[in-house]
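Remarks on the structure that follows.
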Number of protein chains: 2
Amino acid sequence: MGSQMIKGIPKRKTREEILELSAPLFAQYGYDGVSMRDVAAVAGLTQAALYYYFSDKDQLYLDAVGCAFEEKMEPLKALFDGAGNPWDRLESFVFQFARLLAKEENFRRLIQWVLLDSDERRLQSLADQVFRDLFSALRHLAVEVAPGHDPQSFVISLIGLVIYPFETRSVRRFLPGYQRQHEDPEAIARHVVGLMRNGLGTNSEGKSQQTPGPGQTCGADVSAP
Amino acid sequence: MGSQMIKGIPKRKTREEILELSAPLFAQYGYDGVSMRDVAAVAGLTQAALYYYFSDKDQLYLDAVGCAFEEKMEPLKALFDGAGNPWDRLESFVFQFARLLAKEENFRRLIQWVLLDSDERRLQSLADQVFRDLFSALRHLAVEVAPGHDPQSFVISLIGLVIYPFETRSVRRFLPGYQRQHEDPEAIARHVVGLMRNGLGTNSEGKSQQTPGPGQTCGADVSAP
DNA sequence: GTCTATACGGAGATAGAC
DNA sequence: GTCTATCTCCGTATAGAC
C-alpha cells in the first residue's frame, strides 16, 4: 500500500472496491451478460479506467469471483477447525451454509455461473482458488461422520441438498405449490440433516416396500394440481 | 406440412432441424454465448435465413429449449402413468433420470442455463412449457411414497441429489479425489435411493451421536489430501 | 489515476435480389 | 426459402492527453 494514492484525495476507488461492486453484476447476468461498460458504470468511472487495474475482462471476472468467495466463505471455515462431535460440526455447517445461501443470493448465483463456465482456464483457476479448500475440509468431515460411505458422494449430496432449493427458486416461483416456507434456510437445513440421518423413514422403518394404500395418497398439503 | 416445400428438393432444412442443431450450442455456451451467426453456421445456412423461421433470437432459444426438453423427457413420462408400488416407480424414475443426465449432457446443461436465466418472460415461459408437468407428476408420486413429508421438499431434494453430481462435474474434475465412478449413473442412482430410504445410517442406527473415535477417522478411500 | 477519443470486430436485425 | 449486402449499435481494448 505504498504508491497507490499519491495525493490525500479521499476518493480511493481502489481495486478491491471495483471487485465488490462488479460481483453482483456477474452474479446476476454472468460473464457474457456483463460488459466492461456495465462494470464501469456501477464503479463510477469510465470503461477505459478499468484497464488500469485489470489486464482484461477475464482477470476482472476471476478476481471478482475469487474475492466474493473468499469473503463469504471465511466465516464457515472456522467450523472445520474445531474438534468435537463430527455430526454436530456437520449440522452446524449445514445450517450456516443454508443461512449464507439464503442471505447472499448473489454469492449463490456466482457458484452456479462458475459451474456452467465452459472456459477451461477459468474453470481450473476457480477450482484451485475457490473450491479446493472447502471441498477437502468437507471430505475429511465426511470420513469422520460416515466412515462406511464414499466421502465424495457424501459431500456432493450434502451440498446439493442444501443448494438445490435455492437454485431452483427462480423457476419454482412459477410452479404450482410454491410456498415461501420452502426458502427458509432453517427449514431447509433441518430437512437436509434429517434426510442425511434417517432418509424418509423417520423411525428406522427402512426399506419397507408396502404402499400406503390409495386411501391416504393425498393427505399432505397439496395446494395445487 | 402443406406449403413448406414447393419443389421436390430433398434438402428440407426445416424449422425443427434448426432447433435440434442449435440446442447443443445453447447448452454449451448459453443464450448470450451463442450468436445467430453461430446457429446459422451449424445449421448450414446464413444468419439472415434464420429470420425466415424465427422472429428473433429469443424465439429461437425458447423453442430450442422447449423442443429439447420435450424430446428428452418423453420417455420418462411413461413412468408416471402406470400404477403399482410407488417406491418402485420412484426408484425407476431415479435410475432413468440419472441415466438420461449421464447420456445427454447437453440436456442437463440446458436445465442449468434455464435456472440462471434472469429474463422474467423467458423464465415464465419455460416454467409453463417445460417444467410444470414433470414437477406436478413428481409431487403426486411424492405424496404416495412419503405421505408424512412435504412433497415439495421431497421433490427438490430428489432431483437435486440426482442432478448435482453432474452439475459439479465440470469443477470436480480439477479437485482432489476425483474418480470416474462418481459419474456412473447407476452408482449415483443407487446412492440417491439409499439416502432417501435410510439416510446415512445403513441399518437404522439413526440419530446416534457418538463419534467414531480418532483411530478410524481415515479408514475410507481418501486418495488425495 | 482517470479521462476523451477511437480502432476494430461482432452483435441482432432488415432490405431486397434471386 | 435462401442469399448478399448493409444498417446500427455495442463489445473489448488501446492511445495519449491531463
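Just the heavy atoms: all of them, side chains too, but no hydrogens, waters or symmetry mates, feed the values below. Chain letters run A, B, ... following the sequence lines, proteins first, then strands; residues in each count from 1.
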E183(B) CD to R172(B) CZ distance, which is reported to the nearest 0.5 Å
4.5 Å
Specify the separation, in whole Å, of atom CD of Q59(A) and atom C1' of dT12(D).
15 Å
Quick one: closest heavy-atom pair of M196(B) and L161(B), and the distance?
SD-CD1, 3.9 Å
May I have the distance from I18(B) (atom CD1) to dG1(D) (atom P), rounded to whole angstrom?
12 Å
Spatial distance of atom CD1 (I18(B)) from atom CG (L45(B)) [nearest 0.5 Å]:
5.5 Å
Any sub-3.5 Å donor-acceptor pair from R15(A)'s side-chain atoms to Y53(A)'s backbone N or O?
yes
Would you call the rings of Y31(B) and F26(B) parallel, tilted or perpendicular, where under 30° means parallel and over 60° means perpendicular?
parallel
Please report, rounded to the nearest Å, how far the C1' atom of dA13(C) is from the CG atom of D58(B).
13 Å
State whether Y52(A) places a side-chain N or O below 4.0 Å from either non-bridging phosphate oxygen (OP1 or OP2) of dC3(C).
no
Here the pair of heavy atoms bringing I111(B) nearest to F69(B) is CG1-CE1, 3.6 Å
Tabulate atom names and distances for all N/O pairs under 3.5 angstrom spanning the protein and nucleotides 10-12 of chain C.
| residue | atom | partner | partner atom | Å |
| --- | --- | --- | --- | --- |
| dA11(C) | OP1 | S35(B) | OG | 3.4 |
| dA11(C) | N7 | R37(B) | NH1 | 3.4 |
| dG12(C) | OP1 | K57(B) | NZ | 3.0 |
| dG12(C) | OP2 | M36(B) | N | 2.8 |
| dG12(C) | N7 | R37(B) | NH1 | 3.1 |
| dG12(C) | O6 | R37(B) | NH2 | 3.2 |

From CG of L50(B) across to P of dT4(D) the rounded distance in Å is 13 Å
Is the shortest side-chain N/O distance from T46(A) to OP1 or OP2 of dC3(C) below 4.0 Å?
yes
